[in-house]
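The structure under discussion appears below in the form of structure tokens.
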Protein chains: 2
Amino acid sequence: MTASVSPESLPTGEPRWLDTDEQKAWRAWLYSSQLLQDRLDRELTHRTGISHAYYEILVALSETPERMMRMSELADRCLSSRSRLSHAVSRLEERGWVRRQVCAEDGRGQLAVLTDEGFAALEGAAPIHVEGVRRELFDQLSPEQVAAMRDFGEALLRHLDPSRMP
Amino acid sequence: MTASVSPESLPTGEPRWLDTDEQKAWRAWLYSSQLLQDRLDRELTHRTGISHAYYEILVALSETPERMMRMSELADRCLSSRSRLSHAVSRLEERGWVRRQVCAEDGRGQLAVLTDEGFAALEGAAPIHVEGVRRELFDQLSPEQVAAMRDFGEALLRHLDPSRMP
DNA sequence: GTAGCGTAGTTGAGCGCTTGACTATTCCGC
DNA sequence: GCGGAATAGTCAAGCGCTCAACTACGCTAC
């Protein structure tokens, strides 16, 4: 995918092309992560009407004591831009699963609040989601592979977004 | 994310909830893969005007002897639906990077052909892409972690899409 | 040959995301 | 306190993807 193009035309120095093994590792990671995310998202969407992105929003809200969270914090937590989250919350509001509430401490802020209907929707979706993750991911891996997955996932996370490390 | 919801309301049997370690492994994988793909796609798009999805199409075509491929085959190769690929090829055609050609052997078929302009665009983008992959992925991992990543990716691939295994 | 079915690919409507501009509020230095 | 910068969130335009319908061609059986 990358080495088939001749290594000329470089802005700064010779690019460090991938060797055959690196290409195989890269492709295995790329394809498997795309296929897995796609499959889980499709199953969840078709069986519950909740996309994985929306599911993550509902989960994040459900995990707070008051089932509410500042819009920005929620966006960060869900790897979402503010704009994207704002749109998503509007659509969840139309379903009656979330409502907006002005933030008492900060007049600029809004709180997204999970409604009882939203919590019920999440309760319905959670078993579908977790079974999918187990069937498509954990059931396919040995305990050593799971440990390795976590290890290198955390190594990447440390680089990509250290604040998200436990 | 999944265990915070009480385990009632199951269609078929008790769901196999994730324990704490499994949740950490799952989240590390989910966040790191989303962040990495997002970062690589953004860098490529902003610096070259070519999204990762389009890049994959150009790469696939460039790797064939005649720089052409049947639409369906190209869609499979790029983890794309036929519809999505058809739209994408139309847009690449507008840029002059790909052209369509009727297939001689099968009157229903179309061939997507990489033009010289398309190949030149790929040559310009490839160093950006490979440097991104190296900087954000390989430079962050030990050789052992790279090997584990490949092992794990291939294990998933064997389950998700055996035909894609080498 | 032609009916019926399967396959290849395209198209249009609708939806969600991105970008960038915009409003409103708060924070900070003087 | 007051003016300017920073922050929170929203909104509109445009783009890419999904879904389902659709056209066109090939294959098989009769």
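What you see is a predicted model; the values in this text were computed from it and never measured. Computation of the quantities below employed the complete heavy-atom set of this structure, encompassing side-chain atoms and omitting hydrogens, waters and symmetry-equivalent molecules. Chain identifiers are assigned alphabetically (A, B, ...) following the order of the sequence lines, protein sequences preceding nucleic acid strands; residue numbering begins at 1 within each chain.
B:Arg82 has a side-chain polar atom (N or O) that falls below the 4.0 Å cut-off from OP1 or OP2 of C:dA8. In terms of phosphate contacts, B:Arg100 brings a side-chain nitrogen or oxygen within less than 4.0 Å of OP1 or OP2 of C:dT10.
Remark: C1' of C:dT10 and CD of B:Gln110 are 9 Å apart, rounded to the nearest angstrom. Going from atom CG of B:Leu79 over to atom C1' of D:dT18 covers 16 Å, rounded to whole Å. Atom CE of A:Met71 is separated from atom C1' of D:dT10 by 9 Å (rounded to the nearest Å). B:Leu85 places its CG atom 13 Å from the P atom of C:dT11, with the value rounded to the nearest Å.
For A:Arg91 and A:Tyr54, the positive end is not near the middle of the six-membered ring at less than 6.0 Å and at most 45° from its axis.
In summary, A:Arg134 and B:Glu22 engage in a salt bridge, as defined by a charged side-chain N under 4.0 Å from a carboxylate O. Ion pairing between a basic and an acidic side chain is recognised when a charged N comes within 4.0 Å of a carboxylate O; B:Glu43 and B:Arg47 show such pairing.
In this pair, B:His52 and A:Trp26 present their aromatic rings perpendicular. The plane angle is above 60°, beyond the 30 to 60° band.
For the residue pair B:Arg77 and B:Val59, the shortest heavy atom distance occurs at NH2-CG1, 4.1 Å.
Between the side chain of B:Thr48 and the backbone N or O of B:Thr45 there is no donor-acceptor pair closer than 3.5 Å.
Along DNA chain D, the nucleotide nearest to B:Arg108 and the one nearest to A:Asp106 differ in position, and the one closer to the 5' end is contacted by A:Asp106.
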What does nucleotides 13-23 of chain C look like as a protein-contact string, B for base, S for sugar-phosphate only, - for none, at under 4.0 angstrom between heavy atoms? ---SSBBB---
